[in-house]
Amino acid sequence: MTPLVIAIDGPAGAGKSTIAKALARSMGIGYLDTGAMYRGVTFEVLRRGLEATDVEAVARVAREVVLEQGMDSLRVNGEDATAAIRTPAVDAAVSHVAANSAVREELRERQRKWIAEHGGGVVEGRDIGSVVFPDATLKVYLVASPLVRAKRRVAQHGGNVEEIARAITERDQRDSSRDDSPLRQMPDAVVVDTGDRTIEDVVKHISSLVRATRDSS
Ligand code: DC
């Protein structure tokens with residue numbers, strides 16, 4: 001039997017983590033944050049004093065690093081890096097790491113292995129429905145305007161809304177224009193705008209889509 005995979009893709013700040021986590025909890029299945037994996041590699045790259053643009057060295061780190069993910073936590077080589085992977089330094093470097101094809105290949109394999117071991121789950125990222133799990137049970141593409149996304153980020157981490165909106169737009173551009181597995185909306189993905197909806201409303205909507213998909217297969 002093919003495992004149940006719910007792919008949640010979309011740009012930064014569209015609400016992917018919040019929605020994916022709440023959905024996984026409500027369905028009683030696992031949750032994998034693939035962005036945290038790219039961040040974990042980036043954290044280790046910076047910790048070792050390497051350049052995020054050093055393709056060979058970064059690829060080596062990706063192959064070696066031990067990443068252990070909990071619902072709300074990430075350990076990198078045994079060390080709790082939950083907060084450290086969300087710093088501006090990691091934010092600035094992570095899209096270079098994510099553009100590295102050898103890193104993507106390694107993490108893609110780990111993501112597929114995770115689903116096989118867990119028998120399915122909710123997987124959040126940028127290329128989940130397009131590349132990692134093109135046969136996912138349900139593909140959701142979450143969107144929200146850059147301003148809404150920047151405001152959410154400021155509410156969580158502080159900072160200046162305009163500056164953050166600019167940084168978010170730049171990161172989206174890098175994520176969407178890279179050659180390997182760019183962020184893109186798949187034709188078979190359901191687009192959900194989280195801008196003017198509550199978390200509960202979006203989770204309910206996606207749960208009903210999962211049920212409808214399961215019933216019809
Ligand atoms: O979702 P996030 O902001 O934690 O993601 C961090 C970075 O990793 C972001 O620049 C996009 C990249 N990423 C990716 O390229 N592919 C994924 N499946 C997940 C994240």
Side-chain angles (χ1 to χ4, degrees), residues 5-21 31-46 52-53 55 58-59 61-62 65 67 69-74 76 81-115 121-134 136 139-144 146 148-150 152-154 156-157 159 164-186 189 194:
V5 176
I6 302 165
I8 311 272
D9 290 301
K16 294 188 300 296
S17 299
T18 310
I19 300 298
K21 248 185 257 180
Y31 158 68
L32 183 66
D33 177 357
T34 64
M37 298 172 77
Y38 287 95
R39 288 174 179 275
V41 174
T42 306
F43 165 76
E44 183 61 17
V45 163
L46 299 180
T53 48
V55 175
V58 170
V61 172
V65 73
L67 302 172
Q69 209 170 122
M71 197 70 161
D72 287 300
S73 64
L74 181 74
V76 177
T82 310
I85 61 164
R86 310 273 166 202
T87 58
V90 171
D91 278 351
V94 67
S95 47
H96 297 293
V97 171
N100 184 318
S101 289
V103 173
R104 300 204 71 85
E105 191 184 336
E106 170 67 26
L107 295 189
R108 200 160 56 227
E109 286 317 307
R110 293 193 193 196
Q111 289 152 16
R112 290 179 179 148
K113 197 166 157 231
W114 186 94
I115 279 292
V122 180
V123 187
E124 168 206 336
R126 302 291 191 291
D127 61 341
I128 308 307
S130 57
V131 178
V132 187
F133 296 108
K139 300 178 188 179
V140 179
Y141 193 85
L142 292 185
V143 295
V148 166
R149 292 152 57 199
R152 284 182 184 155
R153 168 112 204 165
V154 169
Q156 268 192 319
H157 304 282
I164 290 174
R166 226 177 1 253
I168 284 179
T169 309
E170 277 171 20
R171 189 140 66 89
D172 282 352
Q173 229 137 31
R174 286 202 297 271
D175 290 338
S176 310
S177 61
R178 67 171 177 237
D179 293 332
D180 192 345
S181 318
L183 168 69
R184 67 194 173 102
Q185 189 184 310
M186 294 302 284
T194 64

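Note: hydrogens, waters and symmetry copies are ignored here, and every other heavy atom, side chains too, is used. As the structure lists them, so they are numbered: ligands from 1, and atoms in each ligand from 1. This is a predicted model, so every value here is computed, not measured.
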Quiz item: For ligand 1, is any non-hydrogen atom under 4.0 Å from R171's backbone (N, CA, C, O), its side chain (CB onward), both, or neither?
Solution: side chain
Exercise. Measure R86 to ligand 1 on non-hydrogen atoms and call it side chain, backbone, both or neither using the 4.0 Å cut-off.
Key: side chain
Quiz item: Taking N or O atoms only and a 3.5 Å limit, does R126 qualify as a polar contact for ligand 1?
Solution: yes
Quiz item: Looking at atom 11 (C) of ligand 1, what's its closest protein heavy atom, distance included?
Solution: D175 OD2, 3.3 Å
Quiz item: Should we count CZ of R174 as having more than 12 external heavy atoms under 6.0 Å?
Solution: yes
Quiz item: So, R104 side chain and A98 main chain: donor-acceptor pair closer than 3.5 Å or not?
Solution: yes
Exercise. Check whether any side-chain heavy atom of R108 lies under 4.5 Å from a side-chain heavy atom of V131, and answer yes or no.
Key: yes
Quiz item: Who's the nearest protein heavy-atom neighbour of atom 20 (C) of ligand 1, and how far?
Solution: G35 CA, 3.5 Å
Quiz item: What do we get for R178 next to ligand 1 when only non-hydrogen atoms under 4.0 Å count, side chain, backbone, both or neither?
Solution: side chain
Quiz item: So, for V61 and V41, which heavy atoms are closest and what is the spacing to 0.1 Å?
Solution: CG1-O, 4.0 Å
Quiz item: Any idea which protein heavy atom is nearest atom 6 (C) of ligand 1, and the distance to it?
Solution: R39 NE, 3.7 Å
Quiz item: Of the protein's non-hydrogen atoms, which lies at the shortest distance from atom 16 (N) of ligand 1, and what is that distance?
Solution: R104 NH2, 3.0 Å
Quiz item: Between CD1 of I164 and CZ of R171, what distance do you get to the nearest 0.5 Å?
Solution: 11.0 Å
Practice problem: Give yes if a backbone or side-chain nitrogen or oxygen of Y38 is under 3.5 Å from a nitrogen or oxygen of ligand 1, and no if not. | Solution: no
Quiz item: Any idea which atoms of ligand 1 are less than 4.0 Å away from a heavy-atom of D127?
Solution: 16 (N), 17 (C), 18 (N)
Exercise. For atom 12 (C) of ligand 1, find the nearest protein heavy atom and state the residue, atom name and distance (0.1 Å precision).
Key: A98 CB, 3.8 Å
Quiz item: Which protein heavy atom lies closest to atom 19 (C) of ligand 1, and at what distance to 0.1 Å?
Solution: T34 OG1, 3.3 Å
Self-check item: Minimum side-chain heavy-atom gap S95-Y38 below 4.5 Å
Solution: no
Quiz item: So, do L183 and Y141 sit near enough that their side-chain heavy atoms are less than 4.5 Å apart?
Solution: yes
Practice problem: Assess whether atom CD of Q69 is packed by more than 12 heavy atoms of other residues, nucleotides or ligands within 6.0 Å. | Solution: yes
Practice problem: For ligand 1, indicate whether the residue M37 contacts it via side chain, backbone, both or neither (heavy-atom separation under 4.0 Å). | Solution: neither
Practice problem: For side-chain contact (heavy atoms from CB on, under 4.5 Å), just list the numbers for V148 and R152, CA-CA rounded to whole Å, side-chain angles, deciding distance to a tenth of an Å, and then say yes or no. | Solution: CA-CA 6 Å; V148 166; R152 284 182 184 155; 3.7 Å; yes
